[in-house]
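See below for the structure under consideration.
Protein chains get the first letters and strands the later ones, always in sequence-line order, with residue 1 at the start of each. All values derive from a computational prediction rather than experimental measurement.
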Protein chains: 2
Amino acid sequence: MLKFEAKEYMAKDFNANEVRAILPGMSEPSDAAHSPAEPSLEEQIAAYQREFQGLDPQVEQVVSALQRLNRRMNVAYGRQTATLNMSNAEWEVLKALVVAGAPYQMGPGELAKRLGLTPAAMTHRIDRMASEGLVTRERDEANRVRVIVELTQEGREKWVEAMRMASVFEEDLLQDLSTEERGQLGEMLTRLLCRVEDAQPDADGRLNDLD
Amino acid sequence: MLKFEAKEYMAKDFNANEVRAILPGMSEPSDAAHSPAEPSLEEQIAAYQREFQGLDPQVEQVVSALQRLNRRMNVAYGRQTATLNMSNAEWEVLKALVVAGAPYQMGPGELAKRLGLTPAAMTHRIDRMASEGLVTRERDEANRVRVIVELTQEGREKWVEAMRMASVFEEDLLQDLSTEERGQLGEMLTRLLCRVEDAQPDADGRLNDLD
DNA sequence: GCTTCGAACTTTAGCATTGAAGTCTTCAGG
DNA sequence: CCTGAAGACTTCAATGCTAAAGTTCGAAGC
């Protein structure tokens with residue numbers, strides 16, 4: 001019944017398209033003229049500087065590395081969830097329910113907000129996950145407008161499995177960083193995150209200082 | 001002719017769903033019981049630790065901050081490209097062509113690999129962009145199997161506009177980091193990126209050491 | 001009590017993407 | 001030449017998403 005069988009093109013959602021991105025270049029290590037070979041970070045930044053005067057290469061290094069890294073990580077997560085016959089989209093739902101804590105219940109609307117998609121999309125996603133036995137869906141009898149999505153035992157176990165794989169991967173990923181470096185990195189990223197969250201950019205891209 | 005008009009729900013592709021994610025919480029700062037309010041990073045990590053024994057909170061801090069940050073940034077980029085009547089998807093194509101350098105030409109297949117989507121999707125995307133005048137599409141007369149996608153003047157100007165906005169945003173984002181910190185951050189991220197790229201994870205999520 | 005409004009979810013139509021099949025061109029043999 | 005195979009792109013059916021309309025329930029006003 002393997003619905004997701006590591007097709008190396010899958011992961012329909014959750015940064016849908018990325019799975020493919022990582023595999024293609026490595027087919028022919030020799031042929032220099034024909035195999036495109038994704039440009040390295042340095043090449044990319046050099047090109048940007050060439051075409052756009054006044055770009056700060058240091059800033060661009062941070063931003064571009066961040067984006068690429070995140071993409072690669074999502075590809076990795078996609079492969080892992082695929083081995084559990086799951087998509088990253090489903091994993092995201094499991095995560096939200098687990099973070100909510102026992103009794104692992106949330107409404108579709110709230111889930112939709114958390115995951116950043118429309119309520120309509122959430123309806124369909126819950127349909128699928130319910131038919132796979134990862135969650136249950138039932139009306140709230142106390143307030144019959146609402147619907148309660150609840151994690152099943154199987155859903156929880158799937159989350160634990162996925163988490164186990166993810167944590168191994170993440171530990172391996174950070175292997176080359178010392179404990180001190182990890183702390184610095186986490187702290188700096190958190191600081192950037194706060195900056196984005198506290199101050200929403202207006203249309204000009206400038207962050208509004210709220211503090 | 002404004003096709004993209006800052007609808008706060010748009011950005012069909014390029015991490016499609018994220019645009020919505022950033023807006024919802026801030027409606028009612030008072031109501032504590034009813035407004036879900038996305039859990040903070042600390043809450044999320046605490047929940048993971050509660051439900052999954054043996055998780056390294058430091059690692060999780062890095063990974064989770066990275067993911068959230070990237071999401072928020074993509075929302076910001078989406079808003080900016082929207083003001084240029086563009087989607088992030090189109091911006092990605094422009095970027096690839098600019099990085100290729102003069103004469104700003106690439107084949108659809110190569111573009112598809114770069115952006116991590118299927119050739120079929122690329123065909124349609126090029127259709128749209130050609131009809132908007134951002135690129136041209138023509139058969140390579142020297143090798144009539146191939147197709148050449150070329151950036152138009154307008155496409156280049158759009159890229160420059162988008163880049164201008166993006167660079168302002170990025171500079172603002174990193175404002176709180178000293179030059180030294182920026183260097184450290186970029187260096188660490190690059191190191192992580194190299195680790196992911198050099199060693200592809202197998203199904204167990206373990207990175208294969210290639211060095 | 002009836003109506004009206006709003007909230008929460010579902011349904012519908014349209015679009016972008018995937019995966020598979022199809023078309024067209026080139027090249028290598030026979 | 002003609003044929004077969006491989007490559008590059010396109011076409012087609014199905015999937016998952018968004019936006020907008022629809023449905024159902026609950027709460028407030030008259």
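Summarising the geometry, the separation between NZ on A/Lys113 and C1' on C/dA7 is reported as 11 Å, rounded to the nearest angstrom. Distance B/Leu111 CG to D/dT10 P: 11 Å, rounded to the nearest Å. We find that CD of A/Gln105 is positioned 17 Å from P of C/dA8, with the value rounded to whole Å. One atom, CG of A/Asp127, and another, P of D/dC17, lie 11 Å apart when rounded to the nearest Å. Distance, A/Glu138 CD to C/dT10 P: 13 Å, rounded to whole Å. Counting to the nearest Å, the P atom of D/dC17 and the CE atom of A/Met122 are 9 Å from each other. Atoms CD (A/Glu132) and C1' (D/dG16) sit 14 Å apart, rounded to a whole Å. When rounded to the nearest whole Å, the span between CD1 of A/Ile126 and P of C/dC9 equals 8 Å.
In the set D/dT18, C/dT10, D/dC12, D/dC12 carries the atom at the smallest distance from any side-chain atom of B/His124. Taking every side-chain heavy atom of B/Ala89 into account, C/dT17 is the closest of D/dT11, C/dT12, C/dT17. Listed nucleotides D/dT10, D/dT18, D/dT11 differ in distance to A/Leu117; the shortest reach to its side chain belongs to D/dT18. When distances run from any side-chain atom of B/Pro119 to the nucleotides D/dT10, D/dT11, C/dT12, the shortest one goes to D/dT10. Taking only side-chain atoms of B/Ala121, from C-beta outward, the nucleotide of C/dT17, D/dT10, D/dA19 with the closest atom is C/dT17. The listed nucleotides are C/dT10, D/dT10, D/dG26; the one nearest the side chain of A/Val145 is D/dG26.
Note on A/Arg146: every side-chain N or O is 4.0 Å or more away from OP1 and OP2 of C/dT10. Contact check, A/Arg125 against D/dT18: no side-chain N or O comes under 4.0 Å of OP1 or OP2. Here B/Arg128 reaches the OP1 or OP2 of C/dA16: one of its side-chain N or O atoms lies under 4.0 Å away.
Residue B/Arg139 is out of contact with every strand shown, counting any heavy-atom pair closer than 4.0 Å.
Residues A/Glu132 and A/Arg128 are not paired through a salt bridge, judged by the lack of any N-O separation under 4.0 Å between the basic side chain and the carboxylate. Between B/Glu161 and B/Arg164 there is a salt bridge, since at least one side-chain N of the basic residue sits less than 4.0 Å from a carboxylate O of the acidic one.
In terms of the side-chain hydrogen bond (donor to acceptor under 3.5 Å, both in side chains) criterion, B/Arg139 has no residue partners (sequence neighbours excluded).
Within the 4.5 Å cutoff, side-chain heavy atoms of A/Trp159 are placed close to those of B/Tyr48.
For the pair B/Arg137 and A/Asp140, both in contact range of DNA chain D, the more 5′-proximal nearest nucleotide belongs to B/Arg137.
Interatomic distance, CG of A/Leu41 versus CZ of A/Arg68, reported as 4.5 Å (0.5 Å rounding).
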